[in-house]
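Report on one structure; see the data block that follows.
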Amino acid sequence: MQLWCQDLTHVLPCLLLLLPLPCCLRCAGEMSGLLGTVVDAAIGWLVESILGNFFTGHMESWIREIGLAEDVEKLKFQMRYVQMVLAAAKGRRIDNMPLAQSLDDLRELLYDSEDVMDELDYYRLQQQIEEGKGCTAPTGTNPDGSYVSSSTLSSVVKLVLSATSQITVWISRGRKRKREEEGPAHCNILPFEIKDNISKRINVIVNLLHSNGNSVQGALQLEILRPMAASSKSQNITRNAHMTTSHSIERQVYGRDAERDEIIDLLIKGGSSDLNVLPVVGIGGIGKTTLARYVYHDERIINHFDLKMWICVSTNFSERRLTIEILEHVCKDRQEYENVSNFNVLQDILLKYIRKKRFLLVLDDMWEDKDKIGWIKLLAPLKGNKVSGCMILATTRMKSVAEMIQTMDEVRMSGLNEKEFWLLFKACAFGNENYEGDPYLQSIGKQIAKALKGCPLAAQSVGALLNISVSDKHWRTVRDKWRSLQEDADDILPVLKLSYDYLPVYLQHCFSYCSLFPEDKQFDGKELVHAWISQNFVRCEDPTMKLEETGQRYLDRLVDLCFFQKVGSKYVLHDLMHELAGKVSSNECATVHGLKHEEIRSSVRHLSIITTAFDKDKLDSFPIEKFDKILQKVGPSHKLRTLMLFGRSSINLLRSLHTLCREAKCLRFLRIYVTDADISSILSLLNPYHLRYVKYIHVVITDRSLYRVYDNNVFPQALTRFYHLQVLNAGISGNFPVPTDMHNLVNLRHLISHEKVHQAIACVGNMTSLQELSFKVQNGGSFEIRQLQSLNELVVLQISQLENVNTKEEASAASLLDKEYLEALSLSWEDNSTSLQPEAAKDVLEGLQPHQDLKTLEITGYGGATSPTWLSNTSSLILLRTLHLEKCREWQILPTPEMLPFLRKLTLIRMFNLLEISVPSLEELILIDMPKLEKCTGSYGMELTYNLRVLMIKNCPQLNELTLFQSYSSFDAEQKSWFPSLRKLSIGQCPHILNNWSLLPLGEMGALKELELMDLHVVRELAVPSLEKLVLIKMPSLEVCSSLTTSPPLQLLPSQGDQKGWLLSLLGLTIHECPSLIVSHPLPPSALVSEFSMRGVSTLPTMRIKYGWFKIESNVLSVLDNSILAFHNLRGIRRLRIENCPNLVSLSSEAFRQLTALEHLVIKDCPNLTMSNIMPEVVQENSTSASSLVPPSLRSVNISTCGVTGRWLSQLLSHLQSLEELLLTDCPQVKFLSISQPTETEGTSSLASAVMTSAQDEHELKLPYNLLCSLKVLWIQQSLDLESCGGSRDFTGFTSLTEVANTNAFTFAIP
């Protein structure tokens, strides 16, 4: 111990020599390694992370108990030594290989340090669990909940002083501590073999850290006189190297005329203030600067503004610098301001030159989004010129910049459209936008252009590469490898990498990790954040904030910086951003994408395998051996921290993955596809010490040797040993047994599974890290409500079977009031369980008072007549936004709007005794099954309705006073202003509202997308806007509905053009029991319709789309053609059923010809459809063959109880090349069966000739030989005798046939 400390004392003077070295911002390292770059913050960040996570009060106390304190403190000190070296060396150039190698080795050793400390923490948890102590505070925070601050850790002086002090303590107390730690009382806490192994590993790591730290320090000391790679000044120069200018460098601007005109219009019209700021936002390389130049030089701008100024801001935002650069535009005499040091004087000079002049200032490439004060200072003289219409046009990649500076809505830029981008691409690649030469080169060019997603800078970069040699060979090479060939400073990836280099280290880790996922993947934000947390990328320095909240902020920041794009509720990476992530992560992340893969480096710690390309192939066609050869090159696999698989077909690799999982001792994240037979064996192979995230997706092999994901989940016993596990995702469906020790997962934060899994966990109170839980109260200690007492991390909580709680005291034991993170709470009693004990239910609900920050509350089955006091108190739930009450049969009085000031969503269902409610301004109001409700009141007009997005009122038979529909005239006149946000409107079974409105005017509700109207008996005319879903049920008087009816348009109806437009936008259409409605168009109205049902409309048959089938039936229909059914809108239909049509005699071949995707055809109970007159137009033309009716995709034909003749069916089958199933039942016109021989002519006869054949031939069904290789099932079930009529009855030629069935005496020969 003393010798080791003496060695360190020799190091301290060397460390002190490093103190004068100035620190600097990191400069980006090359993607091929550290050589030629500078020492960056990433390694130091890793040290800080380890120190903050593992050297906590709880951990260090336990380590002293087990006798490893001396070893661990050596490791701690050595890491602080490395941290000091890195802090002093930050920014120094790495220009020799030994130094680069030493830094690489340091990173590897730090990972090893993290692993050994994490393993120790696992044993700590194991001991606590086995001793029944439950879980202490999770590691990752200090006892006070905070981390060591980065500013403290980067102070070399403090660190050296701290280290000196620590050594003094060690020297003075070393022997005493050693005696204490080796005392017999503590030796048996950790088995000797484990303790000895860890001690040896720690000491090896300590020695290597020491030697490598010395190597780095020595190399840097030798180079101490060399200039720094990036001082604060040079760093700014580096970052501003990509300076922009107002002078056009493009020969021509493509595809930006519309954006140019939009911006010019905004700039010229200006705003009401003296100075307006218009931001233009878009990712790097999309053409923001080009567009700004385009605007800047437009004649309209030149004529409108007195002054024009162009400033390139970049990352160095300095109000002084920018003021001087503006002065350079307006003041020709530089001496007037060049030597002025006072910023106020500079601004006075500027104001003098711009006063009373309307100006346009372009601030290009802005990055600063924090210095609001500096921005205000910069604007001060610009606002003082006393001229209206002055404008600032700012370009930025960051939405947060736009939000800080804008006075006008931002202009968001996207890629060029395909036509304009192809012109630009040809200009760059061929040197001529009008090039129409070599078609092969153009074909390659179009493939490349499509991959560039309309990005102009990418077109310039790749086009320049192609233009080097206009040859087939070169272009093919570029097509295959263009991404790896971009090296010039103006290439798109270096431009995007500038944004990456600007990120803090933790965001760089989060972004680069995303290279493991497939391109174009739509990320679920929560899942992505959980993955980041599993790798310790997310560090929360605010003890009041959850890691998930911090991670979401990281993601929001990456969206803001245009690294991610948000699409609805999902997140996506642009292809170029995904490529950038791959480049910057190539040392640590690797992807095996199909059989294509880059070299997997030995330093790789994160691996993904993507087999989605094989998911639709047969099982036996998967190239297992080729994948195995690739996976054998993964090494050393024991370093792997991440293993992700994408693609159901990856189950073919399970045998290889067994080896990988067994060897991957450091695995933290596992996403894998499994079968029932493999799940237990896979999980039993995993090292439990480090796992944080496990997601397994079940796959079953179908009878066709295809893959299908299913939800029959299994929880192997091995899972209960994963004490560090934070996320377990086993799918949300299924009901299956749960291991008895599931509560051992004391660090589990998210259990993504069926609610019955949650409810089956005994002693769930031990799982104090859980954030979502569905809990069913049962009589028994392991499932009593007091199990919830310590679960104070919960964010979402559902409690059911509350009838098993008898008193307020029992309920209070759940301690809901202490759960400060709880956002959503659901409380439910079983039906009728509280009808006999309403007072008990009232007491229990009183005892379940939640924390005041609750945002969503749902109560179901409560038997009390009044609200709990905490819901009626104005100060109890002040942040509540959503209230859902259901089946609370006795509840009579609700809280008033004043008690819930932030309420935005109110749902009341089956509240049988509620008479009256008063509602505030809401976003959603849902009232369903309220038999006694008479009044629903609120402020009248816009104040009540302006924010309303969803309004549903169903089965409220006594409701006669509804403020929203109080006056027809007001509603008609004000609907546009009253309902600017209403997206869904549903009204039904409410006879007293709208009871005298024969015309229901909704056409001005521009936001309305879903409309459901039921049982409105008076409404005769309906005007609607463009909708996505329309449901009309039991509207007996309805005659007119916009564009569906034959009536002439009314004044309130849209124009004919609008009518067509809203029909084409429909995705769902349901019309039931509307006998007066006469529909003038064939249905469905568009090919986009996925939900369709028509019933009880006098002029139409019954039709519906359900479970993938389009079904049509009618008692009166005689002809089925395009006048009834819009066959052209059914081109995507794969299954068609025509049944129960007793009068149907004719089908249109012209119509059927349009069903190009049809695979399954069922014709049932159509006795008059004899097929002799199936298509009269065929008979007339005498030239159309059976192929007119038969789509080439047809695989299954099922004809039952029809008049189809054998001859016609023979002709039909002769045109089917892919038929797999033929089912024939109760078709009396088919009496004979034979198999045609190969010599017979098939497929050439016309259907007209089939119609005119003799009666004897009409009844014979000849199975054509073209079905030899495809037919698998032949099922013939006839009530009449089926006779053999010549030909062959031997089925040995039908090699695919697996099932033959018949009800006749003779047998079929099956191959």
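Here the side chains of Val204 and Asn207 are not in contact, with every heavy-atom distance at 4.5 Å or above. Tyr513 is not listed as a side-chain neighbour of Glu588, based on a closest heavy-atom distance of 4.5 Å or more. Looking at heavy atoms from C-beta onward, Phe722 lies out of side-chain contact with Tyr689 at the 4.5 angstrom threshold. Residues Val757 and Leu751 are in side-chain contact: their nearest non-hydrogen atoms beyond the backbone lie under 4.5 Å apart.
When only modelled atom types and interatomic distance are considered, Glu193 and Asn197 share no side-chain donor-acceptor pair under 3.5 Å. Looking at His750 and Glu548, their side chains do bring a donor and an acceptor atom within 3.5 Å of each other. In this structure, a donor-acceptor pair under 3.5 Å is present between the side chains of His724 and Asp121. A donor-acceptor pair shorter than 3.5 Å cannot be found between the side chains of Gln726 and Ser534. Using a 3.5 Å distance cut-off with no hydrogens or angles, the side chains of Gln128 and Trp62 do not pair a donor with an acceptor.
Remark: the backbone N or O of Pro688 is not paired with any side-chain donor or acceptor of Tyr723 at under 3.5 angstrom. No side-chain donor-acceptor contact under 3.5 Å links Asp196 to the backbone of Phe192. Judged by distance alone, with hydrogens and angles left aside, the side-chain atoms of Ser603 form a donor-acceptor pair with the main-chain N or O of Asn587 at under 3.5 Å. When atom types are taken as modelled, the side chain of Ser199 and the backbone of Lys195 share no donor-acceptor pair closer than 3.5 angstrom. A donor-acceptor pair under 3.5 Å is absent between the side-chain atoms of Lys639 and the main chain of Tyr111, judged by distance alone. Formation of a donor-acceptor pair under 3.5 Å by the Lys819 side chain with backbone atoms of Ala814 is found in this model. Remark: side-chain polar atoms of Gln787 are not paired, donor with acceptor, to backbone N or O of Glu784 under 3.5 angstrom.
Annotation: the span from Leu75 atom CG to Ile50 atom CD1 amounts to 8.0 Å, rounded to 0.5 Å. Note that SG of Cys540 is 6.0 Å distant from CE of Met545, once rounded to the nearest 0.5 Å. For the atom pair CG of Asp112 and CD of Glu114, the computed distance is 10.0 Å after rounding to the nearest 0.5 Å. The structure places CZ of Arg80 at 10.5 Å from CD of Glu73, a figure rounded to the nearest 0.5 Å. Atom NE2 of residue His606 and atom OG of residue Ser585 lie 9.0 Å apart, to the nearest 0.5 angstrom. The OH atom of Tyr122 sits 10.0 Å away from atom CD1 of Ile194, with the distance rounded to the nearest 0.5 Å.
Between Arg692 and Asp118, at least one side-chain nitrogen of the basic residue sits less than 4.0 Å from a carboxylate oxygen of the acidic one, meeting the salt-bridge criterion. For the pair Glu772 and Arg749, the salt-bridge criterion is not met [side-chain N within less than 4.0 Å of a carboxylate O].
Here Gln759 pairs with Glu755, Lys756, Ser774, Lys776, Ser800 under the side-chain contact (heavy atoms from CB on, under 4.5 Å) rule; sequence neighbours left out. In terms of the ring pair (Phe, Tyr, Trp, His ring centres under 6.0 Å) criterion, residue partners of Trp45 (sequence neighbours excluded) are, by chain and number, His509.
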Donor-acceptor pairs are to be reported for all side-chain atoms of residues 738-746 against protein atoms at under 3.5 Å, with residues two or more places apart or in another chain.
unit_1: His743; atom_1: ND1; unit_2: Thr740; atom_2: O; d: 3.4
unit_1: His743; atom_1: ND1; unit_2: Ala762; atom_2: O; d: 3.2

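Among the candidates Leu791, Leu725, Asn747, the single residue satisfying the side-chain contact (heavy atoms from CB on, under 4.5 Å) test with Ser769 is Asn747. Under the ring-ring contact (aromatic ring centres under 6.0 Å, His included) rule, Tyr506 has a single partner from Phe511, Tyr554, Phe537, which is Tyr554.
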